[in-house]
Amino acid sequence: MPELPEVETVRRGLAPVMEGALIERAEVNRPDLRWPFPDGMAERLTGRRVLRLGRRSKYLLADLDSQETLLIHLGMSGRMQVSGATIGAFFHDHPAPEKHDHVVLHMEGGGRITFNDARRFGAMDLMPTAGTEEHWLIRDLGPEPLGNAFSAPYLAGRFRGKRTPVKSALLDQGIVAGLGNIYVCEALYRAGIHPARHAGRIGPGRIGALVPIIRDVLTEAIAAGGSSLRDHRQASGELGYFQHDFAVYGREGQPCRTPGCDAPVRRIVQSGRSTFYCPRCQR
DNA sequence: ATGGGGGCCTGCCGGC
DNA sequence: TGCCGGCAGGCCCCCA
């Protein structure tokens with residue numbers, strides 16, 4: 001579930017409940033996710049007020065009134081569920097506890113934020129707010145794809161001389177931070193670029209087109225995630241749901257959606273991960 | 001130095 | 001029905 005658009009959707013859902021609210025109690029049900037939780041995490045969260053909920057790439061960053069920032073990563077299967085609070089027009093009751101509810105933030109006023117992560121590829125950590133950019137998970141990230149630093153000249157510079165497939169290059173969080181397997185496939189399809197093409201062998205014109213395409217793909221996904229906040233799935237309290245409507249991702253063997261092209265979408269494996277593309281539209 | 005593969009976990013789905 | 005292989009939106013680490 002979580003690439004940049006999903007994480008941003010989760011952030012937007014959580015922010016109204018978390019920002020300005022007091023964490024009355026932090027319930028920590030295991031010692032780790034992918035890595036051990038920081039020492040005394042429950043105590044360091046308890047009694048703290050959340051000042052602001054931000055995002056860097058796929059990381060949620062909750063600034064606390066203790067000069068510390070809580071980092072949350074959703075990994076592959078992490079979900080944040082809000083309950084006991086009014087979101088939009090509806091009050092969300094507390095659901096029955098579920099398997100893999102690893103951390104629960106009990107907020108002032110009865111609200112709850114539950115972090116559930118079956119596969120435990122997610123992570124949480126605490127760091128000084130003043131040093132978030134130096135955190136080891138953050139410091140090597142490339143620019144935000146929706147920010148000004150991500151530009152055609154920048155990307156051309158990073159691609160220059162690279163023999164790695166462009167698919168892998170765009171998944172490299174040090175080049176651009178926030179893309180994952182789905183949106184890379186979708187962006188390359190829209191740009192008409194074959195995923196196996198060496199990054200260094202894409203001309204400046206196509207790189208110039210790719211940058212706004214990446215922005216569009218992500219912006220549209222955020223808009224779709226946002227609209228799903230109002231559907232019944234959201235009313236059940238689940239945040240970050242995104243209606244899948246992809247041109248190539250997950251569509252192996254189905255006809256390409258480009259008008260006039262009905263070539264079957266192909267699936268290949270690159271660096272151990274599925275890539276979907278149209279062999280006719282992408283060169 | 002850089003790129004590819006393994007590994008971390010659990011759940012689900014399709015085939016036999 | 002049950003078992004097994006394959007697959008899943010991420011990312012660190014190790015090795016060539």
Side-chain angles (χ1 to χ4, degrees), chain A residues 1-11 29-37 55-60 71-80 98-103 115-125 135-142 145 157-189 195-201 214 217-218 220-222 224-225 228 233 238-253 265-276:
Chain A
M1 90 147 260
E3 296 184 37
L4 186 154
E6 290 72 37
V7 176
E8 177 60 20
T9 298
V10 170
R11 191 196 69 76
N29 296 322
R30 54 174 298 124
D32 56 21
L33 289 169
R34 177 159 183 190
W35 298 288
F37 290 136
R55 178 188 60 74
R56 172 76 170 98
S57 183
K58 303 170 191 173
Y59 297 92
L60 293 170
L71 171 150
I72 302 169
H73 187 71
L74 301 174
M76 291 277 256
S77 54
R79 287 167 189 279
M80 303 287 281
E98 286 183 51
K99 202 174 172 181
H100 310 302
D101 285 350
H102 303 310
V103 175
F115 180 91
N116 181 290
D117 183 10
R119 293 175 72 184
R120 279 186 271 126
F121 290 169
M124 283 196 195
D125 200 5
H135 188 271
W136 64 282
L137 289 168
I138 305 278
R139 67 187 175 209
D140 295 325
L141 294 175
R158 295 304 303 263
F159 277 6
R160 192 164 299 132
K162 269 204 172 294
R163 309 208 176 200
T164 192
V166 60
K167 161 79 184 315
S168 307
L170 290 176
L171 279 178
D172 182 343
Q173 303 297 297
I175 292 180
V176 56
L179 291 174
N181 209 31
I182 292 176
Y183 298 113
V184 167
C185 291
E186 294 297 303
L188 288 175
Y189 162 75
R197 176 172 289 274
H198 292 349
R201 296 204 43 209
I214 288 171
V217 164
L218 296 176
E220 289 169 24
I222 291 170
S228 77
R233 210 172 256 272
E238 192 169 309
L239 290 178
Y241 182 78
F242 175 58
Q243 295 286 349
H244 291 196
D245 183 24
F246 304 125
V248 286
Y249 187 84
R251 297 192 62 245
E252 181 181 17
V265 170
R266 193 170 290 174
R267 182 178 85 94
I268 57 174
V269 175
Q270 295 178 288
S271 304
R273 315 208 50 198
S274 289
T275 300
F276 299 88

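Chain identifiers are assigned alphabetically (A, B, ...) following the order of the sequence lines, protein sequences preceding nucleic acid strands; residue numbering begins at 1 within each chain.
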Picking from dC12(C), dC11(C), dG9(C), the nucleotide nearest the side-chain atoms of Ile182(A) would be dG9(C)

Arg267(A) side-chain proximity, nearest of dA8(C), dC12(C), dG4(B):
dA8(C)

Candidate nucleotides dG10(C), dG11(B), dC7(C), ranked by approach to the side chain of Lys99(A) - the nearest
dG11(B)

Hey, does the side-chain of Arg120(A) have a donor or acceptor N/O within less than 3.5 Å of a partner on the base of dC9(B)?
no

Mate of dG2(C) across any strand shown (Watson-Crick or G-U wobble, both atom pairs under 3.5 Å) is dC16(B)

Go through dG3(B), dT10(B), dG10(C) for me and flag the one nearest to the Asn181(A) side chain.
dG10(C)

Give me the distance, rounded to whole Å, that separates dC12(B) from dC11(C) when you measure between the C1' atoms they each carry.
23 Å

Would you kindly check whether a donor in the side chain of Arg273(A) faces an acceptor in the base of dA8(C), or vice versa, at under 3.5 angstrom?
no

Measure up the Tyr183(A) and Phe246(A) rings against each other and bin them: parallel (under 30°), tilted (30 to 60°), perpendicular (over 60°).
perpendicular

Test your reading of the model: is there a side-chain donor-acceptor pair from Arg56(A) to the backbone of Ala177(A), 3.5 Å cut-off?
no

Drop me the distance from His135(A)'s NE2 to Leu71(A)'s CG, to the nearest 0.5 angstrom.
5.5 Å

Would you say Phe121(A) stacks on dC8(B), if stacking means ring centres under 5.5 Å apart and planes within less than 30 degrees?
yes

Distance check needed: dG9(C) P versus Glu3(A) CD, whole Å only.
8 Å

When rounded to the nearest Å, what value does the distance between P atoms of dC9(B) and dC14(C) take?
16 Å

Checking only heavy atoms, does the side chain of Arg34(A) share a donor-acceptor pair with the base of dC9(B) at less than 3.5 Å?
no

